[in-house]
Q: 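One structure, as structure tokens, below. Some questions next.
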Amino acid sequence: PRLPDGLTEAGIRELELPIAYILDPASDGFPHARFEADHWTCPACGHEERDERLLAMERILSRLSERTFYSPEIVKADGTIGITSDSRLSMMREEFLLGALQLAEVVTAVLGHQHWTAQWARILFTDIAGTLREFGHSHSGFYKEPFRDLCLLWDWLQDLALA
């Protein structure tokens with residue numbers, strides 16, 4: 001799928017996090033920057049990231065995430081997915097799902113696993129995997145990854161200290 005407006009391959013590559021971080025969904029051993037006033041601050045070293053390109057990219061990805069991961073398109077049953085050779089399940093359109101997967105990949109690569117946009121993507125895909133599992137899809141990845149993602153979501157919610 002083509003990139004949404006405001007995003008370019010070069011712009012994404014310039015701002016990508018280290019590959020070791022991107023490949024570790026639990027992001028163990030990596031400090032997570034905190035947003036303070038108008039910049040990101042690393043809690044480990046105190047580095048302040050004020051690159052306007054990163055802040056602009058975050059604004060773009062945040063708006064796209066709001067429109068995608070919390071979208072009325074999700075509840076539309078315009079598409080179907082095959083569960084068995086003779087049964088199909090109504091789901092979102094395949095193009096919408098492909099776009100959401102692409103956005104989740106970019107969000108993780110640029111903003112990281114702990115950013116709220118990655119968590120919203122995680123909620124959407126855990127829901128999809130749970131739905132597929134409920135209706136008989138038995139691919140082995142649908143058991144392990146959603147459970148891992150639920151644990152990551154739980155940890156993230158605890159870190160928010162909302163209560």
Side-chain angles (χ1 to χ4, degrees), residues 1-76 92-132 141-163:
R2 75 173 192 82
L3 290 170
D5 292 340
L7 297 179
T8 64
E9 289 287 338
I12 292 166
R13 273 194 307 279
E14 285 178 350
L15 298 171
E16 269 186 356
L17 293 164
I19 193 68
Y21 174 84
I22 295 169
L23 296 176
D24 183 7
S27 54
D28 292 332
F30 294 96
H32 293 97
R34 302 279 181 208
F35 195 76
E36 298 174 358
D38 62 349
H39 63 279
W40 290 95
T41 302
C42 175
C45 69
H47 171 75
E48 294 181 355
E49 183 59 65
R50 296 177 183 272
D51 187 339
E52 184 52 42
R53 295 173 307 155
L54 177 60
L55 295 174
M57 179 70 77
E58 182 186 21
R59 282 190 293 273
I60 291 168
L61 292 174
S62 293
R63 291 307 144 282
L64 288 170
S65 294
E66 287 174 343
R67 290 195 326 246
T68 302
F69 304 132
Y70 192 68
S71 167
E73 289 292 314
I74 294 171
V75 296
K76 289 183 180 176
M92 65 189 75
R93 288 185 340 272
E94 185 176 328
E95 303 82 43
F96 178 83
L97 181 57
L98 291 174
L101 285 167
Q102 182 184 35
L103 179 58
E105 183 179 13
V106 172
V107 160
T108 301
V110 175
L111 302 177
H113 293 284
Q114 295 295 315
H115 195 272
W116 68 266
T117 56
Q119 302 304 327
W120 278 21
R122 197 166 267 131
I123 291 168
L124 172 63
F125 298 125
T126 299
D127 182 47
I128 292 169
T131 300
L132 291 173
F142 287 145
Y143 297 100
K144 185 176 131 186
E145 288 189 30
F147 180 72
R148 180 210 60 206
D149 285 348
L150 281 174
C151 291
L152 292 170
L153 282 166
W154 186 257
D155 291 343
W156 176 71
L157 288 170
Q158 284 181 313
D159 288 346
L160 292 178
L162 297 175

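Values below: every heavy atom of this structure, side chains too, minus hydrogens, waters and symmetry copies.
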Q: Can you name the side chain to side chain donor-acceptor pair (under 3.5 Å) partners of E105, sequence neighbours left out?
A: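 Residues passing side chain to side chain donor-acceptor pair (under 3.5 Å) with E105: none at all.
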Q: Begin from the C-alpha positions of L7 and M57 and carry the test side-chain contact (heavy atoms from CB on, under 4.5 Å) through to its verdict.
A: CA-CA 8 Å; L7 297 179; M57 179 70 77; 3.2 Å; yes
Q: For the CG atom of L157 and the CD atom of Q119, what is their distance to the nearest 0.5 Å?
A: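 The CD atom of Q119 is 7.5 Å from CG of L157, to the nearest 0.5 Å.
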Q: Between L17 and I22, which heavy-atom pair has the shortest distance, and what is it?
A: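 Looking at all heavy atoms of both residues, the shortest contact is O-CD1, 3.3 Å.
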Q: How far does CD of E16 sit from CG of L111, to the nearest 0.5 angstrom?
A: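 One gets 11.5 Å once the value is rounded to the nearest 0.5 Å.
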Q: For L55 and F35, which heavy atoms make the closest approach, and how far apart are they?
A: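 For L55 versus F35, the nearest heavy atoms are CD2-CE1, 3.7 Å.
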Q: Considering non-hydrogen atoms only, spot the tightest contact between A118 and V107 and give its length.
A: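 Reported closest heavy-atom pair: N-CG1, 3.5 Å.
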Q: Please, which pairs that meet salt bridge (charged side-chain N to carboxylate O under 4.0 Å, His left out) have at least one residue in residues 108-122, sequence neighbours excluded?
A: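 Salt bridge (charged side-chain N to carboxylate O under 4.0 Å, His left out) check on residues 108-122 returns R122-D149.
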Q: Going by the rule side chain to side chain donor-acceptor pair (under 3.5 Å), which residues pair with R59 if we only count those two or more places apart in sequence or in a different chain?
A: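 Checked R59 against side chain to side chain donor-acceptor pair (under 3.5 Å); matches are E52.
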Q: Give every residue pair that meets the salt bridge (charged side-chain N to carboxylate O under 4.0 Å, His left out) criterion with at least one member in residues 35-46, sequence neighbours excluded.
A: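 The answer is D38-R50.
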Q: I need the H39 NE2 to E49 CD distance, nearest 0.5 Å.
A: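 So the gap between those two atoms works out to 10.0 Å.
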Q: List in chain and number order the residues that pass salt bridge (charged side-chain N to carboxylate O under 4.0 Å, His left out) with R63, two or more places apart in sequence or in another chain; answer none if no residue qualifies.
A: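 Result, salt bridge (charged side-chain N to carboxylate O under 4.0 Å, His left out) vs R63: E66.
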Q: Show every ring-ring contact (aromatic ring centres under 6.0 Å, His included) that has at least one partner inside residues 106-126, sequence neighbours left out.
A: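 Matches after skipping sequence neighbours: Y21-H113, Y70-W120, W116-W120.
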Q: A44: what forms a side-chain contact (heavy atoms from CB on, under 4.5 Å) with it, not counting sequence neighbours?
A: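 Listed in chain order: P31, C42.
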Q: What are the two closest non-hydrogen atoms of G46 and T41, and how far apart are they?
A: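 Where G46 meets T41 most closely, the heavy atoms are O-CG2, 4.0 Å.
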Q: Mind checking side-chain contact (heavy atoms from CB on, under 4.5 Å) for A33 and listing every partner two or more places apart, or none if nothing turns up?
A: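 With sequence neighbours excluded, A33 shows a side-chain contact (heavy atoms from CB on, under 4.5 Å) to W40, given in chain and number order.
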Q: What is the distance from atom CZ of R67 to atom CG of L103, rounded to the nearest 0.5 Å?
A: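 Separation between the atoms: 9.5 Å.
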Q: Kindly give the heavy-atom pair with the smallest separation between A100 and L124, and that separation in Å.
A: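 For A100 versus L124, the nearest heavy atoms are CB-CD2, 4.2 Å.
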Q: Kindly write out the residues that satisfy side-chain contact (heavy atoms from CB on, under 4.5 Å) with V106, not counting sequence neighbours, or none if the list is empty.
A: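 In terms of side-chain contact (heavy atoms from CB on, under 4.5 Å), with neighbours along the sequence ignored, V106 is linked to I12, L61, V110.
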Q: So, using side-chain contact (heavy atoms from CB on, under 4.5 Å) as the criterion, who are the partners of E14 when residues are at least two apart?
A: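 Residues passing side-chain contact (heavy atoms from CB on, under 4.5 Å) with E14: R53.
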